[in-house]
Amino acid sequence: MVHTDALVIGAGPVGLFQVFQLGLLGLKAEVVDVLPEAGGQCAALYPDKPIYDVPGVPLCTGRELTQLLLTQARPFMAAEAPGTLPRNLHLGQLVRELRAQPEGGFDVLTDKGLAFHCRAVFVAAGAGAFVPKTLNLPGIDTATNVHYHHDTTAEANGVPAPWAGQHLVIAGGGDEALSAVIDLAHASAAQRPARLTLLHRRDQFQAEAALDTQVRGLIAAGRVELTVGLPNATVVDASQPGKLTALNLLGPDGQTRDLPLDHLLIRHGMSPKLGPLSQWGLTLERKQVAVSAASFESQVRGIYAVGDINTYPGKKRLLLCGFHEATLAAHHAAAELNPDAPQHLLYTTTSPLLHQRLGVSGASSG
Ligand SMILES: Cc1cc2nc3c(=O)[nH]c(=O)nc-3n(C[C@H](O)[C@H](O)[C@H](O)COP(=O)(O)OP(=O)(O)OC[C@H]3O[C@@H](n4cnc5c(N)ncnc54)[C@H](O)[C@@H]3O)c2cc1C
């Protein structure tokens, strides 16, 4: 059981900024996300697309904004060693249970068995937990060699990819699939699959022109094979239970045939699922948590909802609005959790206390 002041559900842009704001006010936070990387929609849906309306940042991509938020939150989300995740950032974990405790605070449990006891909860869950879209075929869910993510962090730390030196089939024809093809075709020799096949239902992709051009180039150079067909059934070898040995495909000629494989990476994009959140006793309006527009607290005292997951009169699903909500929610929680502490507003520019929390030496005092 991890004991903490605050638990932030969702490591999207608003969840990351929530950790920063809580840290400034002296509150320790743990953050959990079901995705294997931080950044929410910015990282999962539009990593390379431009954002023009973050105050003070005229232009950045979704991936760059995530990196900026992680850098800003570093005083409160520090990694113990280079290339490792911050100790309080828990990825690949779905928050399943959230229960108020009679003695105060909340117990929170993830699907991987991680348990937290916290004094306040900040639901920064966006449109819900992102889950990868899959192929609707029997045996896909349980197969040990079916993947949805390309874990670049593990690879950067020298952990070999499961498909290194083997035949990897990447399924999909959108940005996610084509980006994975490009990344893996250019991976280091130790990480690269020996054979790389892109499987799509037709010989046209629904991806950005630049990705399309690069992948066409790799196919023309013989570094990537393109197979056109609709997955029809899974093929499993009885001697290797749980392992997919091929996908049976329906080809454009109406014939079926097997595409042998060692590993399958499904890159059909992500879709958000509200999932367990609907069972946490929060008042929902059209799948969003109703909150006070002054504090962003839900109707359950101590549970806040910030970012795209909340609703209140005038709500706009914009990054800027989420950052504002996270700021006011942190201030409200700080006053509730530490009622005896002075609550006057401090500036990061001038406050020695905030400089101390940020780990910087301030030039001026005030
Ligand atoms: C294509 C596109 C372009 C956009 N462009 C702009 C723009 O230019 N300007 C702008 O202001 N906004 C833009 N937006 C909107 C902006 O991305 C969202 O407002 C913002 O991402 C909301 O952040 P969030 O942290 O609230 O939610 P999200 O980014 O959705 O993050 C929520 C996170 O919570 C996780 N989560 C949810 N439930 C659970 C659970 N039970 N357990 C574990 N994890 C969970 C999810 O996996 C997800 O990672 C754009 C959105 C899209 C789709």
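Read the numbers this way: they start at 1 and go in the same order the structure lists the ligands and their atoms. If you're wondering where the values come from, they're calculated on a predicted model, not measured in any experiment.
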Visitor: Suppose we screen for salt bridge (charged side-chain N to carboxylate O under 4.0 Å, His left out). Which residues come up paired with D237, at least two apart in sequence or across chains?
Guide: none
Visitor: Check whether any side-chain heavy atom of R317 lies under 4.5 Å from a side-chain heavy atom of C321, and answer yes or no.
Guide: no
Visitor: Record the part of Q93 in heavy-atom contact with ligand 1 below 4.0 Å; permitted values are side chain, backbone, both and neither.
Guide: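 The answer is the backbone of Q93.
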Visitor: Which of the numbered atoms in ligand 1 are under 4.0 angstrom from any heavy atom belonging to A124?
Guide: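 Ligand 1 atoms under the 4.0 Å threshold to A124: 32 (C), 33 (C), 34 (O).
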Visitor: For ligand 1, which atoms, with element, lie under 4.0 Å from some heavy atom of G307?
Guide: 26 (O)
Visitor: What do you reckon, does I51 have a nitrogen or oxygen under 3.5 Å from a nitrogen or oxygen of ligand 1?
Guide: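 No; the residue has no nitrogen or oxygen that sits under 3.5 Å from a nitrogen or oxygen of the ligand.
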Visitor: Please classify the A129 to ligand 1 contact at 4.0 Å (heavy-atom distances, strictly less than): side chain, backbone, both or neither.
Guide: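 Contact part for A129 vs ligand 1: both backbone and side chain.
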Visitor: Find all atoms of ligand 1 within a distance of less than 4.0 Å from any non-hydrogen atom belonging to G10, and give their numbers and elements.
Guide: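 By the 4.0 Å cutoff, the relevant atoms are 33 (C), 34 (O), 35 (C).
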Visitor: Does an N or O from A11, backbone or side chain, lie closer than 3.5 Å to an N or O of ligand 1?
Guide: no
Visitor: With sequence neighbours left out, which residue pairs that include part of residues 7-17 fulfil the salt bridge (charged side-chain N to carboxylate O under 4.0 Å, His left out) condition?
Guide: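 Of all non-adjacent pairs touching residues 7-17, none passes salt bridge (charged side-chain N to carboxylate O under 4.0 Å, His left out).
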Visitor: For D53, counting its heavy atoms only, list the atoms of ligand 1 lying under 4.0 Å from any of them.
Guide: 7 (C), 8 (O), 9 (N), 10 (C), 11 (O)
Visitor: Checking contacts here: is it the side chain or the backbone of R317 that comes within 4.0 Å of ligand 1, counting heavy atoms only? Could be both or neither.
Guide: backbone
Visitor: Name the residue from H200, R202, Q206 that meets the side chain to side chain donor-acceptor pair (under 3.5 Å) definition with Q204.
Guide: R202
